[in-house]
Amino acid sequence: MNVEAAPSPAGLRARNRTRPVPGREVASAAALRGSAGIATFLALWQLGVVLHLPLLAKIPTPADVAAAWLSLLRDPRYYLDWLVSFRRVFGGFVIAQALGIPLGLLMGWKAAFRSLTFPVFEVLRPIPPLAWVPLSILFWPTPESSITFVIFLGAFFTVLINTLAGVRAIDERYVRAAISLGATPAIVFRRIILPGALPSIFTGMAVGMGITWSVLVAAEIIAGRSGLGYLTWEAYVAGSFPTIVVGMISIGLAGYLSSALVRIVAARAMPWSKRF
Amino acid sequence: MVETLLSARAGRLEVRDVAKAFETAAGATLVVDRCSFTLEPNMLTVMVGPSGCGKTTLINLIAGYERPTSGEIVLDGRAVSAAGADRLVVFQETALFPWMTVLDNVAFGPLSRGNGTRSGVLLRARSLLDEVGLTGFADRYPNQLSGGMQRRAELARAILNEPAVMLMDEPFRGLDAMTRELMQEHYLRLFEQRLGTNLFVTSELGEALFLGDRLLVMTRKPTQVKRVIEIDLPRPREFHMLTSERFREIYEEALAALYDEGAKSLSQSG
Amino acid sequence: MAVALKPDRVAQRAGAISLRAVRKVYDPGRLDVVAVDGWTLDVASGEFLAVVGPSGCGKTTLLNGIAGFDPITGGEILLDGETIASPGGSARPSADRVVVFQNGALFPWKTVVENVAYGPIVQRRLSRPLALDEARSLLQRVGLGEVADAYPSRLSSGVQRRVEMVRALINDPKVLLLDEPFRALDAIAKSVMHEELLKLYDATKKTIFFITHDLDEAILLADRVVVSTTRPARVKHILAIDLPRPRSYRMMASAAFLDLKRSVADAVHEEAEKAFRRGERELA
Amino acid sequence: MVDATLRRARGRIAWSQLVLGAAGFAAFVAAWWLLVHFAVWRFSKLPDPFSVLREWTSRKPEYGISLFAPTYYQDIWASTVRVTIAFLLATALGVPLGILLGWNRIAREFLFPLIELIRPIPPLAWVPLAILMLSGQQEAMIFLTWIAAFFATVLNTMLGVTSIDESYLRAAYCLGSRRWDVLWNVVVPGSLPFIFTGLQIGMGVAWFSLVAGEMIAGEAGLGYLILNSYMELQTTTIVIGMVTLGLVGFLSSALVRWTGRRLMTWQSH
C-alpha cells in the first residue's frame with residue numbers, strides 16, 4: 001500500500017482498497033445478513049424454549065422477556081436501579097482516572113519513581129478486583145463506599161498501566177525536537193508527554209470502563225441492595241426468570257452507553273487522532 | 001551583496017577528532033571513530049555514506065542528544081555540551097507533533113522560549129507557511145497533510161527558530177522519488193534565500209550533488225570522512241543542471257568513492 | 001546471483017504480455033475514479049519493461065490487473081496470445097505471473113528456505129523434503145546458502161528482496177511483476193540490488209514488468225521505459241533504452257545515460273508536479 | 001576504556017533499579033504494618049503483613065489454611081481445574097470461529113452483529129442465567145468462566161485474520177496456492193500474534209469471572225475460600241486467598257505467554 005502521496009478521499013479509497021469499493025447494494029446486503037443472523041438467533045431461542053431442549057428448559061422466551069421489560073418500564077424502581085448503578089460506576093471510574101492518570105504519567109516520566117513503585121503495582125495487579133470484596137466490606141464504613149472501592153480497583157490498574165505505556169511509547173524524536181526548539185522540561189511535559197500519551201490513556205479508559213461494569217454486577221450481587229446487578233439477582237432469587245434477562249440486557253446497554261461516552265470524549269479531546 | 005548581509009552571522013561548527021561507542025548485548029561497538037570536519041557558515045554541506053554507517057549518530061552528537069566518547073564538537077569557539085536551540089535537527093520521516101495544528105507546530109519554538117509576543121510569532125509563522133506554499137493549511141493537523149506538505153511544514157518550523165546550524169537528517173527519506181525532487185527544489189529556494197550553516201545527510205548521491213556546496217563521503221562503520229568533494233556548480237541551482245557535463249563528472253567521481261564503501265559495507269553485514 | 005536459473009527454458013520464449021485498451025474504474029457509477037485508461041502496449045517475451053509515473057497514478061492498479069488481483073473494467077490483457085483478463089472474466093493469480101511486492105512479502109513465520117520451497121510444495125505438490133532440498137540448493141547457488149535457515153526478520157531488507165526474487169524464480173514463472181521492489185531500500189543498497197537484478201535478468205531473460213517512480217532506476221534497468229501520466233494512468237511517452245548489456249551502476253554517470261534522462265526528464269517532472277498539485281487541491 | 005565506562009554506567013542503572021524496587025516494596029509493607037499496628041482510622045480491621053505471613057507458613061494454622069494444609073491445595077486445584085476446562089473450551093471454540101469470521105466475509109456479516117449485541121453484557125451478569133441453564137454448580141461456574149474467555153478469543157482472532165497484510169495473501173496466491181493452502185500457511189500463522197493476545201486477555205478475564213462465580217455460587221475454590229473466610233471473619237485467610245489468586249493468575253498468564261513465544265520464534269524481539 002502506498003504511504004507517500006496526498007490522498008484524496010476518493011483516491012485513498014481507490015488505492016487502499018484491494019477489492020472494489022463496496023457500493024450501496026453491498027452495504028445493505030451486509031445489513032440484511034446481520035439482521036438475518038440476529039433474527040435467526042431469536043427464532044432458535046424461542047423454538048428451543050418451546051420445544052424444551054436441554055439447557056433451555058427453564059429459560060424464558062424472547063416474547064416473555066419483551067413482556068417483562070415492558071412492564072418494568074412502567075416501574076419507577078427500574079429507573080432508580082439505572083441511576084444507582086451509573087452513580088457507582090462513574091464514582092469509582094472517575095476516582096480511578098484521577099489517581100491513575102497522574103501516577104502513570106509520573107511513572108512514565110521519572111525513571112526513578114517508576115523503579116520505586118512499579119514492583120508494588122505488579123504484585124497487586126494480578127489479584128482479581130472481586131477478590132478484594134470481603135476486605136473492602138470490612139474496611140470501608142458503608143457498603144456504598146466498599147462497592148465504589150472495588151469498582152475503582154477494577155479500572156485503576158488498567159488506566160495506570162496504559163498511561164505508563166503511553167508515556168513510554170512516545171517517540172524519542174518528539175522530545176528531542178521539542179528540546180531543540182528550546183522547550184523547558186515543564187513545556188515538554190505539558191505539550192509533548194501529556195498529549196502524546198492521550199491515545200493510550202483513552203484506550204485504558206475504554207477497557208477500564210468495560211471492567212467496571214463487570215465488577216459492578218458482581219459487587220451488587222454480593223454486597224448490594226439496589227442497582228441493575230441486584231435487580232438481576234433479585235429476579236433470580238424471586239424466580240421471575242424473564243426479569244433476569246431484562247436485567248442482563250439493561251446492564252449490557254448501560255455498559256455500551258458508557259463506552260460510547262468514553263469514545264465521544266476521546267474524539268473530542270484528540271481531534272488529531274483518527275483512532276477513536 | 002549576500003556576503004555583507006550575512007557575514008555577521010556566525011555558525012561555524014567544528015567536529016574535532018570525535019569518537020562514539022555504544023554498548024550492545026554483544027559488547028561495545030565503535031560507530032564513529034576519529035572523525036573531523038568543519039561546517040562553514042553560509043554553506044550547504046552534504047554528507048553521504050552507506051546506510052547504518054553512523055551518520056545519524058553524528059547528527060545526534062552535533063545536536064547534543066548524545067555525548068561523544070572522545071573528541072569535541074565546537075560551535076563558534078564554544079564546546080557543545082547539551083541540546084540547545086542553536087542547533088536544530090530536521091528528522092528522518094517527520095517529527096511534527098501530531099497533536100498540534102501546523103501553525104502551533106511552526107510557532108512552537110519561539111513560543112516555548114518566550115521569544116516575542118504570541119501574536120507576533122503567529123504572524124511570522126503564518127507568513128512562513130505562505131512562503132512554503134501551505135497557505136490555508138495552518139489549522140490542519142499534520143496527519144491531514146501529504147508527506148511532501150509535512151516536510152515543508154517541518155522546514156518552516158526549523159527556519160522560524162533561526163538556528164545557527166541546521167542539521168537535516170535524511171529529511172526526505174520515505175518520500176517517493178518524484179515528490180522528493182520537488183521537495184529538494186523547495187529546500188534549495190529556502191536555503192539560497194537565507195543561507196546559514198546547513199548539514200544535509202542523505203544516502204542519495206543525486207540529491208546530495210544537486211543541493212550541496214561541499215560533499216563529505218563517509219566510510220562505513222566506524223565512520224569518518226573518506227573524501228571531500230567541492231561541488232562547484234553555480235547557484236541558484238536548477239533542475240536542468242542534473243544533466244550537465246560538469247555534474248556528470250562530479251557524479252562519476254563521487255559514485256566511485258561511495259559505491260566502493262557501500263559494497264564493502266553490504267558484504268560486511270552480509 | 002550470476003548463476004543461470006534453468007537455462008534450458010530460456011529458449012521457450014514465452015511470457016509476452018499484450019495490453020489492449022486496458023481501463024480500470026473504481027467504484028463505477030458513484031465516485032467513478034478512473035485509475036487506468038487506454039493502455040495499449042505489447043511487452044515482448046524476454047523484455048524488461050519499466051513504467052515510470054508519480055505515486056498513486058495507477059501503475060500498481062495496472063500491475064494488479066496483470067497479476068489477477070483485481071478485475072479490469074475495460075479492454076483485455078493477453079499472455080502469449082491467451083486472454084487472461086477482461087471485464088467478463090477476471091484473471092486468477094497464478095504462478096505464471098509472480099509478483100515481488102513493494103514492501104516485501106516473505107512470510108515472516110517461515111524461514112528463508114521454507115519460503116522458497118513454498119511454491120514447489122503448493123504448486124507442483126512436491127513433497128516437503130524434496131522441495132526443501134531444491135530450495136536449499138538454489139539458495140546456495142545464488143550465494144544465499146548462509147541465510148537459508150534464518151527468519152526474514154533477521155535479514156537486512158536488501159537480502160530479503162534477494163530471497164524474494166529467488167522465491168519467485170524457483171517456480172519458473174513466465175513473467176516477473178515487480179512493484180517498486182526497492183523502494184524501501186536506501187540509495188546504496190538499492191544500487192547493489194540493481195546489479196543483482198541485472199545479473200538475474202541476463203541469466204534468465206524472463207519477461208519483466210517493473211513499475212517505479214525513480215527515472216534513474218528505470219533507465220538503468222529496462223529495455224523500454226514507459227512514462228505514465230498521473231491519474232488516470234495513460235501512456236505519455238515511450239523511450240527505448242539502447243544502453244548495452246550487461247549493464248552496471250557506472251553507466252549512470254555516462255553521457256549516454258544522461259542524454260536518455262534529459263530526453264524524458266521534463267515529461268516526468270511535469271507529471272510529478274501535476275500529481276503534487278492535484279494532491280494539494282484534493283486536501284484543501 | 002570506553003567499554004569499561006559504558007558497562008559501569010549500565011550496571012549502575014540495573015542495580016539502582018533493583019534497589020529502588022526493593023525499597024518501594026519494603027515501604028509498601030512497612031506502611032501496611034504501621035497503619036494496622038497503630039490502628040490508623042479503620043486499618044485495625046485488616047490483618048498486618050506479618051501475621052498473614054506467619055499464618056501462611058504455619059504448620060498449625062489458626063484458621064486451617066496454610067502452605068501445609070491439604071485443604072488449601074484442594075481449593076487451588078478446584079479453581080485451576082475450572083479455569084483450565086473453560087480456557088481450553090474457549091480456545092477450541094473461539095479460535096476456529098474467529099478464523100471463520102475473519103476469513104469468510106459472508107459468515108462475518110451474518111454472525112458479527114449478533115456477537116456485538118451479546119458482547120457488552122458483562123460475563124458476571126450471566127450468573128443467574130447460568131445457574132438456571134446448567135444443573136450443576138460446577139457446570140455453571142465453568143460456563144461463566146468460559147463465556148468471558150470466549151469473546152476475547154473470538155474477537156482477537158478475527159482481528160488477527162483481518163489485519164494480515166494483503167500482500168502475504170497475494171504472494172501466496174501467485175505462488176500457486178489454493179484457498180486451503182493459504183488458510184494453513186498464511187491465515188493461521190499470520191494471525192497467531194493476535195490469537196495469543198486474545199488468549200492472554202482471555203486467561204485474565206477467566207480468573208476474574210471465576211472468582212466472582214465462586215464467591216456467589218461456589219462450594220470450593222479460591223473465590224469461595226475468600227468469601228467463606230469473610231463470613232467467619234478470618235481476615236488473614238482472606239489475604240492468603242487473595243495473594244494465592246494473584247500468584248496462580250500470574251503463573252497462568254505467564255504460561256500462555258511462554259507458549260506463544262515458543263510458537264512464534266519468527267518474531268523479532
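Here is how names work: the chains are called A, B, and so on, in the same order as the sequence lines, proteins then strands, and each is numbered from 1.
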> Would you say the side-chain atoms of A:Y236 and A:T243 include a donor-acceptor pair closer than 3.5 Å?
Replying inline: no
> D:W33 and D:F28: ring-ring contact (aromatic ring centres under 6.0 Å, His included), yes or no, with the steps?
Replying inline: CA-CA 9 Å; D:W33 185 80; D:F28 169 72; over 10 Å; no
>> Using 0.5 Å steps for rounding, measure from the CD1 atom of D:I226 to the OH atom of D:Y224.
In response: 13.0 Å
> What do the steps show when you test A:F157 against A:L153 for side chain to side chain contact (heavy atoms under 4.5 Å, CB included), and what is the final call?
Replying inline: CA-CA 7 Å; A:F157 290 109; A:L153 278 180; 4.0 Å; yes
>> Between A:F118 and chain D, with a heavy-atom cut-off of 4.5 Å, which part of the residue counts as in contact: side chain, backbone, both or neither?
In response: neither
> Between the side chains of A:Y78 and A:S250, does any donor sit under 3.5 Å from an acceptor?
Replying inline: yes
> What option among D:R108, D:M231, D:K45, D:M215 has the most heavy-atom pairs under 4.5 Å with chain A?
Replying inline: D:M215
> At a heavy-atom separation under 4.5 Å, does D:V127 approach chain A through its side chain, its backbone, both, or neither?
Replying inline: side chain
> Would a 4.5 Å heavy-atom cut-off, applied to side chains only, mark A:L103 and A:F156 as touching?
Replying inline: yes
> Who wins among A:V245, A:V120, A:T117 for the most heavy-atom pairs under 4.5 Å with chain D?
Replying inline: A:V120
> Without hydrogens or angle criteria, can the side chains of A:S145 and A:T142 be said to hold a donor-acceptor pair below 3.5 Å?
Replying inline: yes
>> At a heavy-atom distance under 4.5 Å, which candidate from A:P60, A:P119, A:A131 has the highest pair count against chain D?
In response: A:A131
> Which bit of D:L129 is near chain A, if near means a heavy-atom gap under 4.5 Å: side chain, backbone, both or neither?
Replying inline: both
> Quick one: what part of D:L132 sits under 4.5 Å from any heavy atom of chain A, side chain, backbone, both or neither?
Replying inline: both
>> Counting only non-hydrogen atoms closer than 4.5 Å, does A:L135 touch chain D with its backbone (N, CA, C, O), its side chain (CB onward), both, or neither?
In response: both
>> If I measure from the heavy atoms of chain D, does A:A112 come under 4.5 Å with its side chain, its backbone, both, or neither?
In response: both
> Under a 4.5 Å heavy-atom cut-off, does chain A meet the side chain of D:L247, its backbone, both or neither?
Replying inline: neither
> Which answer fits D:I118, side chain, backbone, both or neither, if we ask what part of it has an atom under 4.5 Å from a heavy atom of chain A?
Replying inline: side chain
> So which of D:I216, D:T235, D:L227, D:L134 has the biggest tally of heavy-atom pairs under 4.5 Å with chain A?
Replying inline: D:I216
>> Quick check for you: among A:K58, A:E220, A:R114, which has the greatest number of heavy-atom pairs under 4.5 Å with chain D?
In response: A:K58
> Any idea which of D:I131, D:L111, D:L222 has the most non-hydrogen atom pairs under 4.5 angstrom with chain A?
Replying inline: D:I131
>> Is D:L233 close to chain A through its backbone or its side chain, or both, or neither, when contacts mean heavy atoms under 4.5 Å?
In response: side chain
> So which of A:I244, A:V217, A:L138 has the largest heavy-atom pair count under 4.5 angstrom toward chain D?
Replying inline: A:L138
>> What part of D:W126 gets within 4.5 angstrom of chain A, counting heavy atoms only: side chain, backbone, both, or neither?
In response: both
> Under a 4.5 Å heavy-atom cutoff, which of A:W213, A:Y256, A:F41 has the most pairs with chain D?
Replying inline: A:F41
>> Rounded at 0.5 Å granularity, tell me how far CE in A:M248 sits from CD1 in D:I121.
In response: 4.5 Å
> Checking D:V29 against chain A: side chain, backbone, both or neither under 4.5 Å from a heavy atom?
Replying inline: neither
>> Within this structure, what is the CG-CE distance for the pair A:L130 and D:M242, rounded to the nearest 0.5 Å?
In response: 11.0 Å
> How many angstroms lie between CG in D:L255 and CZ in D:F87, if you round to the nearest 0.5 Å?
Replying inline: 8.5 Å
> Contact part of D:F25 toward chain A, heavy-atom cut-off under 4.5 Å: side chain, backbone, both or neither?
Replying inline: both
>> So for A:I38, is it side chain, backbone, both, or neither that comes closer than 4.5 Å to the heavy atoms of chain D?
In response: both
> With a cut-off of under 6.0 Å to the ring centre and 45° to the axis, is D:R82 in cation-pi contact with D:W146?
Replying inline: no
> Just by distance, do the side chain of A:S136 and the backbone of A:V150 share a donor-acceptor pair under 3.5 Å?
Replying inline: no
>> Tell me which of these, A:L253, A:I137, A:I211, A:L228, has more heavy-atom pairs under 4.5 Å with chain D than the rest.
In response: A:I137
> What distance do D:L159 atom CG and D:L101 atom CG have between them, rounded to the nearest 0.5 Å?
Replying inline: 12.0 Å
